[in-house]
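The chains referred to below are lettered A, B, ... by the order of the sequence lines, with proteins before strands, and numbering in each begins at 1. Just so it is clear, the values below take in all heavy atoms, side chains as well, and ignore hydrogens, waters and symmetry mates. Because the structure is predicted, anything quoted here is derived from the model rather than measured.
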Amino acid sequence: MKKIRTRFAPSPTGYMHIGNLRTALYAYLFAKSQGGDFILRIEDTDRARYVADAVEFIEKTLAAAKIIPDEGPHHGGNFGPYVQSERAEIYKKYAEELVANGFAYYEESENGVAIRQKMPKIGETTFYDVLHGNITIANAELEDQILLKSDGMPTYNFANVIDDHLMEISHIIRGTEFITSTPKHILLYQAFGWELPTFVHLAPVMGKSADGTVSKLSKRHGATSFNDLIEIGYLPEVITNYVALLGWNPKSNQEIFSMQELMKIFSLEGLSKSPAVFDYNKLDWMSGEYFKAMTDEKFAEVAGKYLAGISDKIFISNLLKTRVAKLSDIPAMINFLRELPEFDIELFTNKRNKITPEKSAEILKSVIPILEKISDWTIDNLNAEIAKFTESSGLKVGTVMWPLRIAASMQKVTPGGVTEIFYLLGKEETLVRIKSALNNLTGN
RNA sequence: GGCGCCUUCGUCAAGUGGUUAAGACACCGCCCUCUCACGGCGGGUUCAAGGGUUCGAAUCCCUUAGGCGUCACCA
C-alpha cells in the first residue's frame with residue numbers, strides 16, 4: 001500500500017489563522033494516525049505579498065502547537081526544496097511540456113509572456129472528495145487560467161499540482177474554498193497522465209457576531225490566530241485540543257485529548273462537512289479543565305509573568321487554578337493584593353447574607369481586636385478565631401465573612417476564601433484595610 | 001448573477017428507515033458553601049420549510065429558502 005503523505009501549504013503571511021491551524025492539525029493527525037509523513041511546504045509564489053521572517057513564524061507556530069513536520073524548509077526531506085520560489089525552474093519545465101503537448105499556450109501582454117492552461121469548452125469534470133462524494137463541474141465554467149505568470153513564477157493552481165505530484169502527496173487536505181478550482185487541477189493531472197491524490201475539502205471555521213450573524217472567523221470576532229489565543233493566555237495544548245474537536249468527532253464522549261491520543265485515534269470518518277462556529281465559551285471551559293488538572297507548581301509555572309511580584313506563588317496558584325479560564329484573567333483577580341481598590345459602600349450591602357453598611361461597621365469593629373490578638377497569622381488560627389466570634393455573636397457565618405471580604409479586597413469575588421486572602425495580605429495590611437473600611441463606613 | 005458546497009438544541013455534535021433524537025459547552029433552578037469558583041443534582045430548547053416515497057422518515061427523492069464559497073498574472 002502506498003505511503004500516506006499529507007502536506008500543509010501556507011503562504012507566508014506572518015499570521016496563523018485558527019482555520020489554517022486546524023487544517024494543518026488534521027493533515028498532521030491523519031498522516032500520523034496512518035504512520036505516514038506530514039510535509040510543510042511554503043507557497044510563496046506571490047512576490048508582492050512577501051513577508052519577512054514569515055517562514056520562521058510558521059515553523060515556530062507549528063512547533064508551539066506540537067505539529068511536527070517530517071519534511072519542510074528546515075526539516076529536511078528528499079523532495080525539496082520546500083519553498084516554491086526556489087522551484088521556479090521545475091514549474092517552467094512542466095509548463096512548457098504542457099504547451100508542447102497542446103494543453104497550454106503562450107500569451108503575450110504588456111506584462112510579458114505568460115502561459116495559460118487550455119480548458120475544454122464542453123463536457124464536465126468530476127472528482128471524488130472524501131467528505132462530499134463526487135463533485136461535478138461543467139468545463140464551460142472553467143477559464144483558461146494562468147499557469148506561469150509573466151514574472152516566471154507559477155500560480156497557486158499550477159504549482160500545487162506539480163508539487164503535490166512530485167512530493168508524492170497522497171491526500172490533499174485543504175479548505176472548501178478550493179473545491180471550485182479543483183477541476184482545473186484534475187485537468188492538469190490528466191494532461192500529465194498523473195495519478196490523482198485523494199481530496200478532502202474541509203468546512204470553514206466560522207465566527208459569531210454580536211448580532212447573531214455567522215461568518216468566516218475574522219478579527220471582528222475577537223482573537224482569531226493561534227498567537228492571539230496564546231497571547232491572552234490559553235495553553236497551546238488547549239488550543240489544539242479544542243480546535244481538533246471543531247469539525248471532527250472522535251465517536252466517543254471524550255473531550256480532553258492529548259496530542260498523542262489524537263495522533264492515534266484521528267480518522268477522516270469523524271470529519272464534519274458543515275461549517276463550525278468557534279465557541280469561546282467552550283474554549284474557556286476546556287482551558288479551565290486543563291488548569292484544574294495541573295499541580296499548583298505547574299500552574300505557577302505556566303502563569304509565569306502574571307504572577308510577577310507575588311510572594312506566595314504556589315499558594316495563590318492553588319486558589320487561582322480553579323477560577324481561571326485563561327491566564328490573562330489573573331491580573332483582575334489578584335490586583336487587590338497589591339493595591340486596595342477604591343472604597344465602594346455599595347459592596348457592603350448584600351441581600352442574601354442580610355448585610356448592610358451599618359451592620360458591617362459593627363462587625364468590623366468587633367473583629368478588629370480579635371484579629372489584633374492573633375500572633376500566629378495562619379489560616380487555621382484565623383478560621384478558629386473568626387468562628388469563635390461568629391458563634392458568640394449569634395450571626396451567620398456568611399454575614400460575618402461578607403464585610404470582611406469586602407473590607408480586605410473591595411471585591412465581591414476573590415480567589416480563595418476570606419481567611420485565605422487575610423493570610424495572603426498579612427496581618428498588618430489586613431488590619432490597615434479593615435480599619436480603613438470602618439472609618440469610611442462610619443463617615444470619618 | 002452563474003456555478004459549487006452546506007443546513008439536528010444558542011454553540012460543538014451523535015445519529016445512516018422504527019431511539020423517550022445521545023453527550024459536551026452555555027443558560028436556568030436546587031444542593032453544598034464564608035463570596036466566586038470547584039463539586040453534586042435537575043431543567044428547558046433541536047431535526048430550515050414544503051412536497052413526495054414508505055406500514056413507518058432527522059435519516060431516501062424533489063422543490064424552496066437561508067448561509068457560505070468561487071468566478072485574479074492571490075493563495
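In terms of phosphate contacts, K251(A) brings a side-chain nitrogen or oxygen within less than 4.0 Å of OP1 or OP2 of G15(B).
In this structure, V277(A) reaches the sugar-phosphate backbone alone: every heavy-atom distance under 4.0 Å involves primed, P, OP1 or OP2 atoms, never a base. Backbone-only engagement by N249(A) is indicated by non-hydrogen atom pairs under 4.0 Å involving sugar-phosphate atoms exclusively.
Base pairing of U16(B): no nucleotide in any strand meets the Watson-Crick or G-U wobble criterion (both distances under 3.5 Å). In this structure, C25(B) forms a base pair with G10(B), meeting either the Watson-Crick or the G-U wobble geometry with both donor-acceptor distances under 3.5 Å. Shown here, A48(B) forms a base pair with U64(B); the pair counts as Watson-Crick or G-U wobble because both key distances fall under 3.5 Å.
Set against U7(B), C74(B), C3(B), the side chain of S274(A) has U7(B) as its closest nucleotide. Residue K208(A) has its side chain nearest to U11(B) when only U11(B), A26(B), C74(B) are considered. Nearest nucleotide to the H132(A) side chain, out of U11(B), C73(B), C5(B): C5(B). Distance from the side chain of E177(A) is smallest to U70(B) among G39(B), C34(B), U70(B). The side chain of I146(A) lies closest to C73(B), out of A24(B), C34(B), C73(B). Of the candidate nucleotides C71(B), C5(B), C12(B), C71(B) has the atom nearest to the side chain of E143(A). Considering only the side chain of T45(A), A75(B) comes nearest among C6(B), A75(B), C38(B). Listed candidates were U35(B), G23(B), A75(B). Nearest to the side chain of T414(A) is U35(B). Closest to the side chain of R323(A), out of A24(B), A75(B), C36(B), is C36(B).
Between K396(A) atom NZ and C32(B) atom C1' the separation is 13 Å, expressed in whole Å. Rounded to whole Å, the distance from NE2 on H201(A) to P on G4(B) is 16 Å. The CG atom of D279(A) sits 9 Å away from the C1' atom of G10(B) (whole-angstrom rounding). As a whole-Å value, the separation of L320(A) CG from C36(B) P is 17 Å. The CD atom of E289(A) sits 15 Å away from the P atom of A37(B) (whole-angstrom rounding). Atom CZ in F199(A) sits roughly 15 Å away from atom P in C5(B) (whole-Å rounding).
Expressed to the nearest 0.5 Å, how far CG of L202(A) lies from OG1 of T23(A) amounts to 5.0 Å. Remark: L382(A) CG to T430(A) OG1 distance equals 7.5 Å, nearest 0.5 Å.
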TODO: For I135(A) and T126(A), run side chain to side chain contact (heavy atoms under 4.5 Å, CB included): C-alpha distance rounded to whole Å, both residues' side-chain angles, the deciding distance at 0.1 Å, then the answer.
DONE: CA-CA 5 Å; I135(A) 294 176; T126(A) 297; over 6 Å; no

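Aromatic ring orientation, F38(A) versus F8(A): parallel (interplanar angle below 30°, classes split at 30° and 60°). Using cut-offs of 30° and 60° on the angle between ring planes, the pair F199(A) and H201(A) is parallel.
In this structure, K184(A) does not pair ionically with E141(A), as no charged nitrogen and carboxylate oxygen lie closer than 4.0 Å.
Checked by distance alone, T180(A) brings no side-chain donor or acceptor within 3.5 Å of a matching partner on the base of C71(B). Within 3.5 Å, a donor on the side chain of K282(A) pairs with an acceptor on the base of A24(B), or the reverse.
Summary of the strand contacts: M206(A) and T155(A) both lie near RNA chain B, and taking for each the nucleotide with the nearest heavy atom, the more 5' one is attributed to M206(A). Of the residues near RNA chain B, S109(A) and Q411(A), the one whose nearest nucleotide (by heavy atom distance) lies more toward the 5' end is Q411(A).
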